[in-house]
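The block underneath contains the structure these notes are about, expressed in structure tokens.
Computed from heavy atoms alone, side chains included, the values below leave out hydrogens, waters and symmetry copies. This structure is a prediction, so every number in the text was calculated from the model and none was measured.
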Amino acid sequence: MKKSITLFLSVFLFVCNVFSLDFAIRITPKMDFPQDSNYGLGFGAMVNADLDLFNIMTLGLEGGYSDIKVSATDSDLTLLQGGLNMGLYYYPVSRLYLSANASYGLHTLKASTIANPTKGTYYRAFGELGFRFTPNFVLNATGGYESIMLDNSPYLSYPFAGISAKINLSTNKNVSSNNFAIKFEQISDAYPVYANMYKTVPLGYATITNVSSAEVRDVHVSFRAGKYTAADKECEVLSKMNRYKKIEVPVYADFGPEILRYSENGKINAELVISYRLLGKRMTEVQNIVLDVTHRNSFVWNDPACLSCFIDTGAPEILEVAKYIAGTEITNLKPGMNSPLQYAAAVMEGLRLSGIIYSQDTVTPYKEYVFTDKDDSVQYPLQTLSLMSGDYDDIGILICSCLECVGIGTGFVPLEDDFIVLVDTTIAPDKKSNQFLEDGVISDENTTWLALSMENFSKGFTTARLEAAKKLNKIAKSEDKSFEIVDVHSAWEYYPPVTFSAYSGAFKNPSKADIIAEVNKATSYYINNDVSALIKKFRSNGDTKRLADCYVRAGMYNEALNEYQKLNTIAAYNNMGMVYTTLKNYKAALNMYNKVLAKEPENKNALANIKKIKILTGEE
């Protein structure tokens with residue numbers, strides 16, 4: 001037993017010297033209550049030196065002295081003890097301490113009834129209930145049971161009770177006044193264009209260690225970076241964090257508009273804010289970290305969908321331009337013709353007429369940087385609008401932003417030699433042949449897209465449309481090449497847009513008459529090419545419904561009415577009502593809509609159009 005205690009003490013001292021460990025000294029004055037009538041009360045004290053392990057267990061040495069009255073002889077029984085102690089403890093709340101302990105060791109017993117001091121073993125079990133005044137001092141009420149053994153047989157057993165003063169000590173050499181040690185590792189440079197994405201995607205990870213002298217509770221970790229963040233962003237919440245507990249926290253950020261003023265690669269001083277309770281008291285600790293940040297236009301093509309971050313509907317300047325162009329076209333819309341096509345023509349022609357031109361980026365040319373892992377420089381839509389020029393992708397981003405501002409869905413396809421803007425026609429893939437020639441559009445599983453080549457931006461809408469379709473169809477037929485459609489709305493779910501605003505420039509709205517003239521050229525080509533071919537097709541195969549629809553798109557209203565009259569359907573009556581309204585024959589239009597209501601009284605289309613006609617004629 002002596003060898004065991006000596007070995008334990010040696011190991012204990014070595015471990016404390018090498019590692020930063022916690023240990024505790026417990027001093028317990030106690031009173032013994034022998035149940036044997038030959039003995040009276042005893043008084044004594046125990047001293048424990050415990051190593052604190054895993055914030056739940058103690059293991060250590062103990063020694064003590066007891067003096068028990070021998071009633072029959074009016075003398076004392078003296079007990080010296082020394083042994084090993086092991087315990088489990090828990091803090092159910094910050095200041096309440098509970099423990100359960102067991103000890104085993106050697107004793108020396110002296111009494112007048114024993115001729116010579118006798119040696120033997122002892123064991124005891126006890127519990128503690130205490131109040132933690134400070135992280136290092138706990139006062140406990142102690143109670144337990146002890147058995148003194150002689151010749152492997154119980155000699156004297158009794159319960160005991162006392163008051164224990166527990167003093168926590170540590171070999172931790174933390175000289176900082178902070179209660180936490182923090183190590184931050186950034187995943188990669190922070191890109192301002194991904195500002196909104198960092199709300200859900202971490203900038204990096206912070207390893208946080210509790211180096212205080214006690215566990216902390218209700219821990220909240222948040223990030224802020226002064227003027228660059230809109231608010232503190234909560235990154236982690238923990239109910240409890242034990243001493244020396246180490247956690248890895250993802251660091252998120254709620255960046256504000258100021259991050260988009262960051263025009264050069266550099267560093268930002270940021271802070272991790274840790275709010276916590278220590279022994280019930282709310283405390284806050286702020287520690288500095290440094291972020292590596294790229295300039296605001298920086299972008300890498302490792303995932304083309306990321307480019308959707310630049311496509312924005314929040315800049316008031318872009319919204320104003322988009323509404324001006326769309327407002328110009330709204331009075332020029334052709335009935336029955338796909339409206340996204342007409343608005344796309346208006347937006348592209350309106351921007352071209354304003355004087356915006358293609359200008360190759362001489363520092364990071366699109367053709368050299370697309371599909372590489374090099375840092376490209378991409379303009380925000382407002383920058384392109386203000387500078388009146390941009391590379392293929394810059395102009396494409398501006399067109400997408402303007403279309404999105406007026407409710408037209410967009411997408412894009414980056415190619416090695418071109419940037420293709422996609423316009424969502426909202427036509428189901430299996431219905432596209434009703435309105436377009438097969439090789440004039442492309443489709444995915446959800447919709448039909450109208451493609452526009454930014455290489456041909458300066459040549460106008462029709463040329464851009466034809467060249468984009470030609471390129472994409474050629475790739476589609478190739479065995480060794482392919483392209484990927486990026487749907488902006490789907491991409492925004494992962495790469496939300498940022499708004500770059502308050503940037504002045506030279507843009508001036510083009511003439512409304514010029515916009516309408518160019519759109520009419522584009523729609524005339526569509527009618528003479530796509531629609532005319534479809535009219536021949538449906539006329540030859542006797543498809544009355546589709547033929548009538550194509551006559552409407554071509555502006556051949558009398559021919560359309562003749563075909564619709566052959567049909568006795570609600571859809572035909574509604575379409576005839578639309579044609580008569582276009583021709584301003586409101587009486588005939590109302591007659592058609594009333595026929596619809598006679599068959600289907602709650603038909604929303606007919607009811608809405610009747611109301612519209614009454615407003616136009618002044619009846620309502």
Contact between [X] and [Y] at the side-chain level, heavy atoms closer than 4.5 Å - yes or no?
| X | Y | answer |
| --- | --- | --- |
| I311 | P497 | no |
| S103 | F126 | yes |
| D394 | V378 | yes |
| P257 | S501 | no |
| V219 | N210 | no |
| D218 | H220 | yes |
| V47 | L61 | no |
| L422 | I485 | yes |

Measure from NZ or CZ of K166 to the centre of the six-membered ring of Y89 and say whether it is under 6.0 Å with the direction within 45° of the ring axis.
->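 Relative to the ring axis of Y89, which defines the angle, K166 lies inside both limits.
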
Within 45 degrees of the axis of the six-membered ring of Y91 and under 6.0 Å from its centre: does R132 put its NZ or CZ there?
->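 Flagged: R132 positioned over aromatic ring of Y91.
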
With no hydrogens and no angle check, just 3.5 Å: does a side-chain donor-acceptor pair link [X] and [Y]?
| X | Y | result |
| --- | --- | --- |
| S66 | K30 | yes |
| T499 | D312 | yes |
| D22 | Y244 | yes |
| D361 | Y369 | no |
| T313 | E404 | no |
| Y39 | D32 | no |

Test: D376 and K374 ion pair at under 4.0 Å =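 Looking at D376 and K374, the cut-off is not met.
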
Do you know which two heavy atoms are closest between N101 and G87, and how far apart they sit?
->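 Minimum heavy-atom contact is OD1-CA, 3.5 Å.
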
Fit a plane to each ring of F131 and F133, take the angle between them on a 0 to 90° scale, and name the class: parallel (under 30°), tilted (30 to 60°) or perpendicular (over 60°).
->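 Ring orientation of F131 relative to F133: perpendicular.
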
Pairing residues for E62 by the salt bridge (charged side-chain N to carboxylate O under 4.0 Å, His left out) criterion, not counting sequence neighbours |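 Here the qualifying residues are R124.
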
Please list, chain by chain and in numerical order, all residues satisfying salt bridge (charged side-chain N to carboxylate O under 4.0 Å, His left out) with E185, sequence neighbours excluded.
->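 With neighbours one apart ignored, the set is K183.
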
Evaluation steps, side chain to side chain donor-acceptor pair (under 3.5 Å), between D303 and Y494 = CA-CA 11 Å; D303 181 3; Y494 301 96; over 6 Å; no

For residues Y158 and F160, establish whether the separation of their ring centroids is below 6.0 Å.
->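 Y158 vs F160: aromatic centres not under 6.0 Å.
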
Centres of the Y380 and F310 rings: under 6.0 Å?
->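 Centroid distance Y380-F310: below 6.0 Å, so yes.
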
Y262 and Y228: ring-ring contact (aromatic ring centres under 6.0 Å, His included), yes or no, with the steps?
-> CA-CA 9 Å; Y262 211 78; Y228 297 109; 5.8 Å; yes

If you look only at distance, which donor and acceptor atoms sit under 3.5 Å apart when one is on a side chain in residues 136-149 and the other is two or more places apart or in another chain?
residue	atom	partner	partner atom	Å
N140	OD1	G130	N	3.3
E146	OE2	Q81	NE2	2.1
S147	OG	S157	OG	3.0

